[in-house]
Structure formats: structure tokens, C-alpha cells
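Here is the naming used below: chain letters follow the sequence lines, and residue numbers restart at 1 for every chain.
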Amino acid sequence: MTFTVEEVYETASMISEQNLDIRAATLGVNLKDCIDNDFEIFRKNVYERIVFHGRRLIRAAETVERKYGVPIVNKRIAVTPVSLIMETHVDREKFLDMARTLDQAAMDADIDFVGGFGAMVQKGMTRSERMLIDALPDVLSQTGRICAFLNVGSNVSGLNLDAVNLLGGMLHETAAKSRDSVGCSRFVVFVNAPEDNPFMAGAFHGVGEGDAALNIGISGPGVVKSVVEKNTAGDLTHLSETIKKTVFKITRSGELIGREMAGLLEIGFGIVDISLASTTAAGDSVAGVIEVFGIEKVGAHGSTMALALLMNAVKKGGAMASGNIGGLSGTFIPVSEDAGMIDAVQCGALGIDKLEALTAVCSVGLDMIAVPGDTPYHIINGIIADELSIGIVNNKTTGVRIIPAIGKQAGEILEFGGLLGRVPVMKVNPYSAKAFLGRGGRLPAPVTSLRN
Amino acid sequence: MEREQVFITVIGMDRKGIVASVSSYLYEQNINIVDINQRIMTDGYFVMTMLADIAEADISMEQLHNGLEETGKRMNMKIQVQHENIFKMMHRI
């Protein structure tokens with residue numbers, strides 16, 4: 001089989017010039033069989049399981065990375081929702097001990113994040129789940145590698161407002177206890193959370209999964225941007241087709257790498273998540289892709305349609321390329337990690353209201369937004385409830401990762417450094433839905449839940 | 001022995017001795033060159049692609065990667081090495 005110089009050059013320059021990489025190779029690991037009545041044995045089992053899989057994951061990633069010249073940026077572990085395995089150990093100190101165990105195991109295996117410190121509470125809460133939520137501020141502020149999630153709603157259960165109403169206070173406490181409010185960046189609240197999502201902070205190993213599964217998150221906004229820049233002429237169909245072909249190629253590389261890594265690990269290959277995920281690297285921005293479509297700044301009227309087009313093309317190209325598409329497979333528009341999004345917020349082109357509208361067509365939700373540290377709890381709860389209602393009504397996953405920036409006001413910048421970058425503090429609507437949210441209960445599931 | 005083929009991509013400004021440097025390095029590592037192509041791309045870069053069989057190579061993929069990177073640096077060129085499977089996956093259905 002021969003390839004033209006152009007084909008080889010295209011692939012090589014995707015990696016060397018356009019930041020194509022495997023953003024996340026996340027190994028989902030079952031912890032249910034680690035449970036023991038003796039908590040010390042239970043902890044030891046969990047520690048050994050994580051270290052064993054973590055080290056193997058790193059080795060396999062290095063081998064495949066070398067073979068194909070494609071960087072695998074983040075190697076992570078996702079575990080069975082921790083509230084589930086702690087059902088017989090409902091004690092606040094034990095939750096903290098389990099978090100420290102997972103954190104230590106991640107550190108010893110050189111894994112940057114362990115996801116799954118969370119609970120499925122779309123309809124109600126067990127004692128264990130409630131305790132997990134109460135422990136989250138300490139867990140997130142006292143550990144560095146634990147990622148936490150909650151699933152508070154689904155198409156069939158509706159939205160558990162009682163769970164949402166706990167979050168404003170929990171997030172405030174987490175922010176206040178952590179340096180630069182950073183603990184909140186490792187917590188995401190979902191509706192319709194996928195059980196095989198490879199991306200942090202929301203990755204966990206669902207109860208419908210086997211003992212282990214490798215899930216791959218590809219990336220490549222830079223590649224898509226580059227190809228759009230070379231195709232400035234042409235109508236929307238042409239633009240869509242151009243993106244589809246490129247995403248097809250990117251996804252094929254993810255499929256190949258995932259399969260090979262799963263083969264080396266001797267476990268099942270899970271899914272490829274085709275989400276476009278930006279990074280702080282120059283040019284690796286989803287906002288940048290939208291802007292080369294011909295939009296002055298993301299957030300301008302017309303941006304929602306542009307994102308809808310991008311999303312549609314990404315899904316169609318990806319679906320052709322892999323028989324294992326899963327996870328979130330949307331387009332991430334985090335405000336912190338994407339230089340174009342930060343610019344748009346700072347120049348006033350993009351506010352929370354427009355961001356919420358954008359998430360209606362792209363998933364994955366309001367990601368890494370910072371609000372003033374003195375924002376009342378019920379306003380944070382309202383922001384979360386609105387975003388998650390979009391997911392419930394539109395049969396899709398949405399999530400919220402929101403950071404009350406302690407001591408900061410709208411317009412200021414919260415600096416995290418590293419992978420998380422920096423995030424401008426956004427203005428919130430000061431008017432209140434306190435009385436409405438205070439009613440509690442559940443938002444009834446939409447009529448589509450009655451399909452049976 | 002079954003073939004194990006990699007593509008070596010050399011990118012930069014055209015100059016004398018590129019093929020000679022890369023091919024002599026490969027020869028020293030007992031790597032057979034199967035095919036060579038080169039072109040000036042529309043964006044002005046000189047690109048040379050080599051298909052090489054590493055089945056009998058004396059060095060590992062990692063050593064090959066590092067060795068070629070060094071060779072490239074001496075010529076002010078960027079050299080990447082990738083197993084051919086990725087091109088099959090991306091460019092052929």
C-alpha cells in the first residue's frame with residue numbers, strides 16, 4: 001500500500017503543527033470487588049488496584065505514543081462511583097480516608113487524575129450519597145488528584161432539585177477551603193452522565209461496565225481550524241463536508257491508538273469520545289474554529305448556528321470513523337482552557353446567558369466558568385438548574401463546572417496555571433429564583449420518558 | 001521475516017545532503033528503505049517521505065525516534081517517524 005507525499009505530510013503536520021493529540025486515555029476500573037467489611041483491607045485493595053492498573057496504563061501509553069508519534073497527553077483512571085462502594089462504610093472520616101487512598105495511589109502510579117468520586121442521585125439520595133456530598137469540600141480541598149461528579153438528573157427521572165440545592169453551598173465551601181478556589185475545578189454536576197466518558201472531571205466507571213475498559217478522548221481543534229482556514233470559500237455544506245473529512249481522519253487515529261493500547265493492556269476497548277477539546281496551547285481553541293468560520297468573536301449573534309454546524313460535522317465524521325463512539329462526544333467550550341473563549345468574555349462578546357444558549361447545541365455544558373465569590377448560593381443553584389434542564393429536555397448530557405472565585409468580582413481574573421489556565425470572572429444576573437428553587441422536589445421527566 | 005514499515009517524514013527548507021544523511025543513518029541501524037518521495041508543498045516546505053522496513057533494525061522504535069530527531073537537528077529539519085498503520089487508518093477505508 002502506497003501513500004502520496006501529501007497524505008503523509010498531512011498526518012505528520014497534524015501532530016507537529018496543529019496540536020493533534022490523544023487528549024485522554026482513561027482506564028475505567030471496577031472497584032466493587034475491592035469492598036471489604038474491614039475498612040483497612042478495603043483501602044488496601046483499592047490502593048493496589050489503582051496502582052497496578054495505573055502503572056500498566058502509563059507503560060502501554062508510552063509504547064503506543066512512540067509507535068505512532070502521537071502524544072497521549074493525559075493518562076487517567078476512572079473508578080466505580082465511590083458512593084456506591086462506600087454504602088457499608090457511611091462515615092465522614094472514612095470518605096476522607098478513601099479519597100486520600102485514591103489520591104496517594106494516583107500519585108504513586110504517576111496518574112494525574114482519578115475520576116469517579118461521585119454519586120448517581122438523579123432520583124433520590126442514599127445515606128452514603130448524601131455523606132459523599134457533605135465530604136466533597138474537604139475531599140476536593142485536601143487532595144490534588146481526585147475528580148468528583150454527581151449525576152442529578154436524567155431523561156427518565158427528571159431533575160433532582162433537592163440535590164442541586166445542596167451544590168451552591170458545597171461549592172462555596174470547597175472554593176473557600178482551596179487555594180485560588182481550585183478545588184471546584186475538579187467537580188462537575190451532570191444530567192444524563194455517560195458511564196464511559198474519558199474526560200475529567202466527569203469520568204467514572206459506570207455500573208454497566210465490566211472489570212476494566214479503556215476509553216479514548218481525541219482532540220484536535222487546531223487541525224479543524226487549519227483545514228477551515230484553507231477553505232475560506234464555499235457555502236455551509238462545503239464547510240461541513242470539509243470538517244467531516246478531517247474529523248474522520250482524527251477519529252481514525254484515536255480508534256487505532258485505543259485498540260492497540262487495549263490490546264497491550266489485555267482489556268476491552270471501550271469507546272472513542274470525539275469531543276473537540278481545547279487546550280491552553282496557541283491555536284488549539286474551539287472558539288478559534290468558530291471565528292475562522294467568519295465570526296468576529298464567539299458569542300456574537302450567529303455563534304450558536306456556527307457551533308451547531310461544527311457539532312453536526314464532528315459527529316458525522318466521527319461516527320463514520322469508529323464503531324465505538326461514546327462518552328460525551330460533544331464540543332467542549334470551557335472558558336478557562338480556551339484562549340479564544342477567554343478573549344470573548346473579556347471583550348464583552350460572551351456572557352453566561354449566551355454561553356448557556358451555545359450549550360443547547362453543542363453539549364457539554366457550562367464548563368469552567370468563574371462567578372464572583374460573593375454570588376449567593378441560590379443563584380449558583382439556579383445557574384446549575386437552568387443548564388441541566390437543557391440536557392433533560394433535549395435528551396442529552398449537560399454538565400456544569402462552576403467556580404465561585406473567592407475574593408474576586410466580575411471582570412477580574414482567577415489564575416490556576418498549568419492545564420487549567422486562567423479564567424475571567426463572569427457577571428451573573430443578580431435577580432433571584434430563590435422561592436422557586438426553594439420548593440425543592442424533582443423537575444418531572446419530559447414526555448419522551450414515556451416511550452415504553 | 002514479515003515487514004514492519006514506518007514512514008519517516010522530513011520537513012524543512014531544501015538543502016544538499018538530506019537523503020544522504022537520513023539514509024546513511026538508517027543503513028547504520030540495519031534499516032531497509034522501501035520507498036522515497038519528495039516534493040515542495042504549496043505552503044513552501046520541502047517534504048521528503050521515506051517508507052522504511054524496521055523488522056530487522058538493531059534499535060528500538062524509541063531509539064530510532066531519538067536518532068532521527070538528532071539527525072534532523074543537525075540539518076535544521078524536522079524529522080518524524082510513525083508506524084504505517086496510522087496512515088492506513090487515516091487515509092484508506
Could you give me the CA-CA distance, side-chain angles and deciding distance for A:K245 and A:E241, then say whether salt bridge (charged side-chain N to carboxylate O under 4.0 Å, His left out) is met? CA-CA 6 Å; A:K245 286 177 197 157; A:E241 288 299 304; 5.4 Å; no
Under 3.5 Å, is there a donor on one side chain and an acceptor on the other for B:Y25 and B:E70? no
In terms of heavy-atom pairs under 4.5 Å, which option from B:N85, B:V81, B:N37 contacts chain A the most? B:N85
Picking from A:S13, A:A12, A:G69, which has the most non-hydrogen pairs under 4.5 angstrom with chain B? A:A12
Taking the side chain as every heavy atom from C-beta outward, state whether A:T26 and A:D196 have any atom pair closer than 4.5 Å. no
Can you tell if the side chain of A:I22 reaches within under 4.5 Å of the side chain of A:I218, non-hydrogen atoms only? yes
Flag the one option from B:T42, B:I11, B:V34 with the top tally of heavy-atom pairs under 4.5 Å to chain A. B:I11
Is it true that B:Q80 and A:S16 share a donor-acceptor pair across their side chains at a distance under 3.5 Å? yes
Which bit of A:E65 is near chain B, if near means a heavy-atom gap under 4.5 Å: side chain, backbone, both or neither? neither
Pick from B:K78, B:M89, B:E62, B:R39: which one has the most heavy-atom pairs with chain A under 4.5 Å? B:M89
If I measure from the heavy atoms of chain B, does A:E260 come under 4.5 Å with its side chain, its backbone, both, or neither? side chain
